[in-house]
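Step one of this worksheet: look at the structure below.
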2 protein chains.
Amino acid sequence: MVRVRLQDVAARAGVSVKTVSNVVNGYRHVAPDTRARVQLVLDEMGYRPNLAARNLRAGRTGVIALALPDLDNPYFAELTGSVVRAAEKHGLTVLVDQTEGLRDRELEVVEGFRNHLIDGLVMSPMALRAKDLTGRAAVDIPVVLLGEKFGAGAVDHVAIDNVAAAEAATAHLVALGRTRIAVVGDQPGSRRRSGVAHLRRQGWERALTAAGLDVDERLVAPVPAFDRQHGAAAVAALLDDGARPDALFCFNDTLAIGALRLLADRGIDVPGDVAVIGIDDVAEGRFAVPTLSTVAPDKAGIARTAVAMLAERLDPASEQRPPRDVRAGFELVARESTLGRSASAVSAVRAAAAVPPPRGTAR
Amino acid sequence: MVRVRLQDVAARAGVSVKTVSNVVNGYRHVAPDTRARVQLVLDEMGYRPNLAARNLRAGRTGVIALALPDLDNPYFAELTGSVVRAAEKHGLTVLVDQTEGLRDRELEVVEGFRNHLIDGLVMSPMALRAKDLTGRAAVDIPVVLLGEKFGAGAVDHVAIDNVAAAEAATAHLVALGRTRIAVVGDQPGSRRRSGVAHLRRQGWERALTAAGLDVDERLVAPVPAFDRQHGAAAVAALLDDGARPDALFCFNDTLAIGALRLLADRGIDVPGDVAVIGIDDVAEGRFAVPTLSTVAPDKAGIARTAVAMLAERLDPASEQRPPRDVRAGFELVARESTLGRSASAVSAVRAAAAVPPPRGTAR
DNA sequence: GCCAGGGTTTACAACGATGGAAACGACCGG
DNA sequence: CCGGTCGTTTCCATCGTTGTAAACCCTGGC
């Protein structure tokens, strides 16, 4: 209940503060009986090191921040869980920042308003621009970007190959004989060529072209945000506009869930009338009715890789290598929303891309 | 990129370290021109205070921990989002701990292995016992418990009235004419009388009794954990045992989602054959097919209250009051899984309980 | 011209922990 | 018996910031 300092323990044990410190830190040269006596007093008094002081001294805190748009999005929630678990293995703890995808909030994070409180940053940017990371006020700590990427590789980056993932999803629909494949989730406002929406759209186009199908702009449904609500609204708009899709490729599972819901409202059979596929493989999709086909990124791998890369840069012993750009693996998981009731969660395609664990990765 | 200390700024500006500190902190007695000159240098050099040092000095960190079982559970994910937002308004940031519901991990958190790194703790305990909070090694920081409660009120506690919530859910099913109402989510292993499962079961029994219905043990489906998987499994077991429920009261939405999925597998119509209701009002349920009826706790209110109570205890100016036990409000939200397609998300019942915002609540 | 009184600035000492070097003692070999 | 060595312990300085109190400077009144 009371705070106990090294000094208090030292006084009671009749030794110097440093000796107690040595015992606490398992320093080698401490006489066995001294160690035992000090340890006894430590336990008795319930000593806990003051991490603030330790951090000041050491110049590191053992805390990393995870900045992402929104925990309400199940993909980010699941990813956060994985990051927290991965960080644990490196002795790091995670501080969560919700940026709401707002540029100001993202800038704040990057400009280090948590200065010297965090050792590193894992961030899933939405609105940041390249120069934001290089400006004079910018980060002085290692950063790993997830998903979205921008500018030349100034920092580490982990993501699946979005174009390939989207292509795989679309190709799956094509293979099922669908010809009017709509996309849900375009973000035409965003000029960002590296944006997730842009890349996934690119994959869709590529798959269509490969299959000899036309790219029909009327089959492109834009959304203001990647959530269930807007997924449903976008599909409603699509249908009301008279586009008659026989399949929907949604840019993420959350949009797809919204789509499934709207199709149910309209009495449209999935996959009979319209097949649906998403990306992310959130747990929700595995239990949806019908179960949702999806492209499953290796979330645990992404988290592990991101944290490992950060940990490596935090380690003063390891020489600094240039920023890396890691492609995480993904896997097409076909379920009822494309295969129908006969589906038994077949892994149809396995992504070739592997996650090369960075050197020094724990486990 | 380089670290800049007050000293560096002071040297360049030709003033003392303290004067720079005064400028940074907006101390009143600084000559306007001095202030201007120092400010210029501050901006030029991109000074950022070292929070570790500040914390050491101030004895507070501005960080609180949120300890909960698992972010994969959407209820906790949504709650975390709310807590982070609420904390922000008090100038606090949130560090997330996943305990997996394990006693050891929860103990670790409570015994302050983040000592002096966090100012307070919001925790959703699963396995902790009363004495764990009072033991000698226990917390020396303010704690607010969410949901589960135990022992005499040694710390603050925020939760809905679980018995009343369960009673409302069950009563809703009764009002629809259901007579064989099963519960999904019992945890008979847990002797804890204050446990969530125990309380919700109590509410179920109470509603049945009030309606003159029997409490049939064969309609009680236990689960090892509150997730979709086990929700589905429990309902499967229930059906296979020959219990013929016409309604399911699931102890949370995640179990209910699993239940819906299994009922779909078996071709059982919801709510025609079996009505389903849960507790939590996770976003997922609002888009499920059919949409899930539920008891909606005031999540934002719970988060705000918990953080406000913590903030109040952190404020040395406010006198310390005895631990409080706050009842958060809840609301019955009837949707398709009980009302059928005609449902348009009617709020049938509004909980009487209000959330009395603690004194000093922000906003 | 001196002193009081105000605003402004500075020197100093913490906050609690730890790295490094110095001090201490015991043991050993010459 | 002394110097050297090694293991153990202590002293000192330091991490970057800020509260306290004292020093400083200027103005205005007597």
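Chain letters run A, B, ... following the sequence lines, proteins first, then strands; residues in each count from 1.
Using a 4.5 Å cut-off on side-chain heavy atoms (C-beta onward), A:N50 and A:R5 make no contact. Here the side chains of B:D8 and B:M45 are in contact, with some heavy-atom distance below 4.5 Å. Looking only at side-chain heavy atoms (C-beta outward), B:T80 and B:V96 come within less than 4.5 Å of each other.
For B:R57, taking side-chain heavy atoms from C-beta onward, the closest of the listed nucleotides C:dG16, D:dT18, D:dC11 is D:dT18. Set against D:dT10, C:dA17, C:dC15, the side chain of A:A53 has C:dA17 as its closest nucleotide. Of the listed nucleotides (D:dT10, D:dG19, C:dT18), D:dT10 has the atom at the smallest distance from the side chain of A:V15.
The CG-C1' distance, from A:N50 to C:dG16, rounds to 6 Å in whole Å. Distance CG (A:L117) to P (D:dT17): 13 Å, rounded to an integer number of Å. Atom CG of A:L6 and atom C1' of D:dC11 are 15 Å apart (whole Å). Atom pair A:K18:NZ and D:dA13:P shows a separation of 15 Å (rounding to whole Å applied). B:R5 has its CZ atom 12 Å from the C1' atom of D:dT17, to the nearest Å. Residue B:L56 contributes atom CG, which lies 12 Å from atom P of C:dT18 at whole-angstrom precision. In this structure, A:R54 places its CZ atom 5 Å from P of C:dT18, rounding to the nearest Å. Computed from coordinates, the A:Q7 CD to C:dA13 P distance equals 16 Å when rounded to whole Å.
Surrounding CD of A:E100 are more than 12 heavy atoms belonging to other residues, nucleotides or ligands, all under 6.0 Å away.
Taken from CG in A:L56 to CG in B:L51, the straight-line distance is 11.5 Å, to the nearest 0.5 Å.
A heavy-atom distance below 4.0 Å to DNA chain D is reached by these residues of residues 19-37 of chain B, ordered by number: B:S21, B:N25.
Judged by distance alone, the side chain of B:T305 and the main-chain N or O of B:G301 form a donor-acceptor pair under 3.5 Å.
By the side chain to side chain donor-acceptor pair (under 3.5 Å) test, A:D119 pairs with A:T61, sequence neighbours left out.
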